[in-house]
> 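The following block contains the structure, expressed as structure tokens.
These values consider heavy atoms only, across backbone and side chains, with no hydrogens, waters or symmetry-generated copies. Below, read A as the first sequence line, B as the second, and so on, with proteins coming before strands; counting in each chain starts at 1.
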Amino acid sequence: MQTRTSETIVVEWNWDFVARLKDGMVLKACFARECVEESIESEFAENLKRRLERYFKGRAVDFTDVNVLYPTPFSERVLRVVRSIPFGLVESYSSIAEKVGTSPRAVGVALRSNLVPVIVPCHRVVSKAGIGGYSQGESIKKALLELESKFHGKL
DNA sequence: GTGTAGCCCAGGG
DNA sequence: CCCTGGGCTACAC
């Protein structure tokens with residue numbers, strides 16, 4: 001069942017994770033700096049919230065079935081590849097670039113435009129030299145990789 | 001370690 | 001159109 005108005009999920013963690021939903025898809029997600037009021041009506045929202053709670057407890061939750069918004073056709077190509085990286089694994093910008101047929105720089109641009117962190121796991125893309133950047137802040141990227149506990153590079 | 005030249009897309013003028 | 005600036009990389013010192 002879907003709702004006409006948008007819904008908001010809030011999941012507590014080191015930072016509060018907030019997702020805005022509408023018409024059975026996730027429009028936008030972020031880590032909140034301030035208090036956000038939750039409003040859940042649909043089964044879709046309840047189900048997604050349960051899965052996010054399990055994820056933030058460190059369980060290997062898969063979000064590849066969740067409908068999300070892609071900003072541009074190019075970023076969609078990049079982000080679809082990124083979504084295929086399994087929980088607990090990482091890939092380099094250049095590896096993604098090779099699969100898409102573009103340059104590592106352009107991959108970074110596409111990742112930065114990702115509207116739904118965690119659900120589209122852009123934190124699993126790391127630089128050859130270190131951890132690489134993150135639109136939500138480097139400390140959150142580190143924490144997510146630690147949560148998935150498979151990043152053995154320099155944090 | 002630091003400098004730098006390619007990379008290629010998105011956004012703004 | 002032509003800039004400019006990135007969640008980068010490889011290679012040269």
> Strictly by modelled atom types, are A:His123 and A:Glu148 linked by a side-chain donor-acceptor pair under 3.5 Å?
yes
> Go through DNA chain C in 5' to 3' direction and return only the first and the last nucleotide with some atom under 4.0 Å of chain A's heavy atoms.
C:dG6 to C:dA10
> Would you mind classifying the nucleic acid contact of A:Thr72 as base, sugar-phosphate or nothing, using non-hydrogen atoms under 4.0 angstrom?
sugar-phosphate
> Counting only heavy atoms not in A:Arg50, do more than 12 sit closer than 6.0 Å to its CZ atom?
yes
> Under 4.0 Å from any atom of DNA chain B, heavy atoms only: list the residues of residues 73-84 of chain A that qualify, in numerical order.
A:Phe74
> Are the side chain of A:Lys22 and the backbone N or O of A:Thr5 linked by a donor-acceptor pair below 3.5 Å?
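No, A:Lys22 side chain to A:Thr5 backbone: no donor-acceptor pair under 3.5 Å.
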> Could you spell out the base pairing of DNA chain B as a dot-bracket line? Use Watson-Crick and G-U wobble contacts where both distances are under 3.5 Å, [ ] for crossing pairs, | for partners on a different strand.
||||||.||||||
> Does any donor atom in the side chain of A:Ser95 or A:Ser92 lie under 3.5 Å from an acceptor atom in the other side chain?
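Side chains of A:Ser95 and A:Ser92: no pair found under 3.5 Å.
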> Give each protein N/O atom lying under 3.5 Å from an N/O atom of nucleotides 3-5 of chain B, with the pair distance.
none

> Ignoring hydrogens, what is the shortest heavy-atom contact between A:Leu145 and A:Arg124? Give both atom names and the distance.
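Closest heavy-atom pair between A:Leu145 and A:Arg124: CD2-CA, 4.4 Å.
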> Side-chain N or O of A:Ser103 versus OP1/OP2 of B:dG6: is the shortest distance under 4.0 Å?
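No.
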> Less than 4.0 Å between a side-chain N and a carboxylate O, is that true for A:Asp65 and A:Arg83?
no
> For atom CD of A:Glu53, is the number of surrounding heavy atoms from other residues, nucleotides or ligands below 6.0 Å larger than 12?
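Atom CD in A:Glu53 is packed in, count exceeds 12.
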> Is any side-chain heavy atom of A:Val66 closer than 4.5 Å to a side-chain heavy atom of A:Arg51?
yes
> Are A:Val18 and A:Leu144 linked, directly or through intermediate hydrophobic residues, by side-chain heavy-atom contacts shorter than 4.5 Å (ILVMFWY only)?
no
> With a 4.0 Å cut-off on heavy atoms, is A:Thr102 in touch with a base, just the backbone sugar-phosphate, or nothing at all?
sugar-phosphate
> In this structure, how many angstroms lie between the C1' atom of B:dC8 and the CZ atom of A:Arg112, rounded?
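Answer to the nearest Å: 13 Å.
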> In chain order, what residues pass the salt bridge (charged side-chain N to carboxylate O under 4.0 Å, His left out) check against A:Arg80, with sequence neighbours excluded?
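Counting only residues at least two positions away or on another chain, A:Arg80 forms a salt bridge (charged side-chain N to carboxylate O under 4.0 Å, His left out) with A:Glu76.
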> Test of understanding: with ring pair (Phe, Tyr, Trp, His ring centres under 6.0 Å), list the residues that count as partners of A:Phe17, not counting sequence neighbours.
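Listed in chain order: A:Phe31, A:Phe56.
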> Would A:Ser42 and A:Glu7 count as having a side-chain donor-acceptor pair, cut-off 3.5 Å?
yes
> Looking across every strand, which nucleic acid part, if any, lies under 4.0 Å from A:Val107 by heavy atom: base, sugar-phosphate, or nothing?
nothing
> Given A:Ile119, which partner from the list A:Asn114, A:Asn67, A:Thr64, A:Val68 fulfils the side chain to side chain contact (heavy atoms under 4.5 Å, CB included) test?
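Going through the options one by one, the only one that passes is A:Val68.
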